[in-house]
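Below you'll find the structure, written out as structure tokens, and then a few comments.
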Amino acid sequence: MLEKVYDPKKFEKEVYEATNDEFYPGVVKSGAAAFSVLMPPPNVTGSLHVGHALTYTIQDILIRYHRCRGFDTLWQPGTDHAGIATQLVVSRELEASGVDVAALEADELISKIWGWKEKSGEQIVRQQMAMGCSAPWSLSRFTMDEHFSKAVIEVFVRLYKDGLIFREKRLVNWDTKLRTAISDLEIQNKEEKGTLWHIKYELENSDGYITIATTRPETMFGDTAVAVHPLDQRYVPMVGKRVRIPYTDRTVPIICDEYIDMEKGTGCLKVTPAHDVNDFAIGKRHSLEMITVIGMDGHMKTSVDVPEFLRGLYLKKARKILLEKLEEDGLLATKEEVLHTIPYGDRSGTVIEPLLTDQWFVDSKTLAGAAINVVEDGSVCFYPKKWENTYFNWMRNIEPWCISRQIVWGHRIPAWYGPSGEIFVERTEEEAVEAAMRHGIGKEQLRRETDVLDTWFSSALWPFVTLGWPNETEALRRHYPTSVLVTGFDIIFFWIARMLMMSLYFMKKIPFKDIYIHALVRDTSGQKMSKSKGNIVDPLALMEEFGADALRFTLAFLSVPGRDIKLGVEHVKISRNFITKIWNAARFLQTKGIEFVDAGIQSIGVKRKLNHWIIAKLNWFKREIAQDFVDYRFDYATRNIQFFVRDTFCDFFIEAIKFQDDDETRAVAASVFANILVVAHPFMPFVTDHLADVLGISKTLSVGLDGYECDIETSSEYEQEVDSFVELIHKIRSERQEHGAESAEYLELRTKLCGWPGELRGIAGIVR
RNA sequence: GGUCAUAUAGCUCAGCGGUAGAGCACUACGUUGACAUCGUAGGGGUCACAGGUUCGAUCCCUGUUAUGACCACCA
């Protein structure tokens, strides 16, 4: 017997344990079509947050839906080593416990991180299980496990030998706190108020001066020119002359360049090629010298280029002292307040310095071509489609991808350097030694690259490496390309674009057919959730209070394309109430003594109007749901489930059959309810499995249900008749409420009702 | 600066070229053989604003405003 109260805590765990061996590929009949989804690997640092809850809910709904319908499903799970993020988290933990991380050898730190990973890696999986994620966990991959690491090296070496990876001295985004380069995507630009200082540079061999404007005076010692616009009448006469950089003996030429905006600042730009992206470009055009005056640590360098009074100072301090001195010496013409954007590192939160360093790059431009084509020609589709714009926009203006990181946690770049800068990129050290020997370089002269790869370099390989590449595996044959990728728009560039590029290059086939982009989850007032704001909605707490099914149903319900999700406790409560409704409907069927026998209704035959009607409605409902899945409209699907269960099944059918007792109606009630459980199962797996089990319908709904088919032909005449009866009932109820049971209108309607068959007239509360 | 969204009931959101929809909240009634974590009925909207297309616009087009996101960037 079902318990009176729906209490998910009492059965969720048990249900999961009873079903989890059905989550593996190959549990279906042979010959089934494959349906596969890549689980975006959560960071090993991770604990489940509500964004995860959303993405995994949607993926699990898709997987369960297809598994129920007989597809051979694979939901490929795994975790990501998340280079910088993880190293940062572990370093902080170590420091908190008194370890001097800076003093650790790289190897020691790496082994500490591994230890930490082993410890915390399982936590997120346990939480995913609690949510009901039906993934084959023993097939889980980690981006740094042995197989994955080999594949990463294979990819790196091939791309290098194909000329698509190169090493170059370029201006990169340097994080002075983490002391590593980062990619353009790892930068957060923030608009801030700043000051534009006008500084006088004296002309050489003349009394005059030229005034430049800058927000970064401390970089002036790296200036190697002053540039003006070629048509700027104010300055053209000065072009070719030289000016002296204050506090140095250095003079630099005044040059002209079309890039200069005559309206901005003073119209004169100090050109600092080593510390500014645009200046770097100007420098290249004019073959200017590049002088680095800022060190990797975010302090002024101690080199001769920097005046003695500033050497080694922290940038902000150097700026302050320099400005004081300029003012004192009358070189500060004026200053104005401006709004400008400052780049910050997304992990460290520190100001990013463009610095000239040797780094490894992927030639994204070349790889992007194919990845643009497959979206253009519709081989790969975004849902909602508008994200294709975003994708094209970025892909068509793509810049080389800086993939080297000066940290320890990650895939070490398989490169070895000879004594004069020779580079050997090979799969193993032995091969590198051999290659070096051919150039007359001995093993002892070789030095291995210490940089590691950007985390996203390995994530980009997720679609094919998880399935066994570079080996030719059954998994690859069966499940590549995958069916759909589900993820948030925030990683379209980081991950989706790069998976497409890498997959197309190495597999020559798309990695996934559809890309479903879901919304961001915000708090009830529409604010982005963050720890510092304290507005985090904890999915674990919600599951604890209302059950995993309620949370899943809510997230699906709120997944309206193109709109962010505002999640509040209230919503989850409503879903829990709806699940209770299903629970109670089951209890009614049970108290009514309805038996669930998988005889189906075909053998009994359906004659009654009401039964034709409910079956017609059920089949309509199932078709709607099928379409909702084609369209990835989980919001529609949940609305349809609510509508059918509440308005059609409970409020009308159940009410009607309270006064009806015959084998046909009982069999129909059983079959329709069994169908409801199957349709609702992807959205609320725990309660549906539990109900199916207790009612004796099935031990588990994971792989679908036989014996309760309702695909019989129904009479549309009967359906319409009952529809009009439903309408009549509403009129009667309304009339009675509005004008009382004595009104002429009411009595007339009531008389009409008498013409209807008994099981319909019997609806409680209307007709005695 | 560029691009893309969004704007509908008090709240959260669906929707549609032709009478405006749901849930929550609200009001009234109700414990009749599952369900008060409920049922029945009801009130409540110039569909952001201004133009245009149309027989007809909340819907399509243009513009404006507000909000949000992303990309680029200014010395």
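So you know, we letter chains A, B, ... as the sequences are listed, proteins then strands, and number each from 1.
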What integer distance in Å separates [X]:[atom1] from [N]:[atom2]?
X       : N       : atom1 : atom2 : value
I654(A) : rC38(B) : CD1   : P     : 15 Å
E191(A) : rC71(B) : CD    : C1'   : 14 Å
R646(A) : rC38(B) : CZ    : C1'   : 10 Å
D651(A) : rA22(B) : CG    : P     : 14 Å
N577(A) : rA36(B) : CG    : P     : 11 Å
N397(A) : rC70(B) : CG    : C1'   : 13 Å
R736(A) : rU40(B) : CZ    : C1'   : 8 Å
K592(A) : rG33(B) : NZ    : C1'   : 9 Å

Ion pair check, [X] and [Y], cut-off under 4.0 Å:
X       : Y       : answer
D223(A) : K270(A) : yes
K617(A) : D723(A) : yes
R646(A) : D651(A) : no
R733(A) : E735(A) : no
E336(A) : K264(A) : no
E3(A)   : K10(A)  : yes

Can you check the distance between [N] and [M], where both ends of the measurement are the [atom1] atom (answer in whole Å)?
N       : M       : atom1 : result
rA14(B) : rU8(B)  : C1'   : 10 Å
rA9(B)  : rA20(B) : C1'   : 10 Å
rC59(B) : rU27(B) : P     : 35 Å
rG21(B) : rA41(B) : P     : 15 Å
rU31(B) : rC24(B) : C1'   : 23 Å
rU46(B) : rA34(B) : P     : 42 Å
rC4(B)  : rU64(B) : P     : 14 Å
rU58(B) : rA48(B) : P     : 9 Å

Please tell me if [X] has a side-chain N or O lying less than 4.0 Å from either OP1 or OP2 of [N].
X       : N       : value
H730(A) : rA41(B) : yes
K386(A) : rC70(B) : no
K566(A) : rC13(B) : yes
Y6(A)   : rA34(B) : no
N278(A) : rC74(B) : yes
S734(A) : rG42(B) : yes
K4(A)   : rC35(B) : yes
R563(A) : rA7(B)  : yes

Any strand counts, and the cut-off is 3.5 Å on both contacts for Watson-Crick or G-U wobble. Which nucleotide pairs with [N]?
N       : value
rG1(B)  : rC71(B)
rA36(B) : none
rU27(B) : rA41(B)
rC16(B) : none
rA66(B) : rU6(B)
rC60(B) : rG52(B)

Using a heavy-atom cut-off of under 4.0 Å over every strand shown, decide if [X] touches base, sugar-phosphate, or nothing.
X       : result
F557(A) : nothing
L339(A) : nothing
C268(A) : nothing
R216(A) : nothing
V5(A)   : base
F493(A) : sugar-phosphate
I574(A) : sugar-phosphate
E738(A) : sugar-phosphate

Mark yes or no for a side-chain to base donor-acceptor pair under 3.5 Å between [X] and [N], with no hydrogen or angle criteria applied.
X       : N       : result
R733(A) : rU40(B) : no
T341(A) : rC73(B) : yes
E570(A) : rA25(B) : no

Residue [X], side-chain atoms from C-beta onward, closest of [options]:
X       : options                   : answer
H571(A) : rU12(B), rA34(B), rA69(B) : rU12(B)
R633(A) : rG68(B), rA14(B), rU3(B)  : rA14(B)
N393(A) : rA14(B), rC35(B), rU3(B)  : rU3(B)
K581(A) : rC13(B), rA69(B), rC38(B) : rC38(B)

- Message: With a 6.0 Å cut-off (strictly less than), is the heavy-atom count around OH of Y209(A), excluding the residue itself, greater than 12?
- Response: no
- Message: Pick the closest RNA chain B nucleotide for Q737(A) and for W583(A) by heavy atoms, then say which residue is nearer the 5' end.
- Response: W583(A)
- Item | Toward the 5' end of RNA chain B, by each residue's nearest nucleotide, T580(A) or L558(A) |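 On the 5' side of the pair lies L558(A).
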- Note, I187(A) side chain near D346(A) side chain (heavy atom, < 4.5 Å): no
- Do you know which two heavy atoms are closest between H49(A) and P539(A), and how far apart they sit? C-CG, 3.5 Å
- Between H229(A) and M262(A) the two heavy atoms that sit nearest each other are CB-CG, 3.6 Å
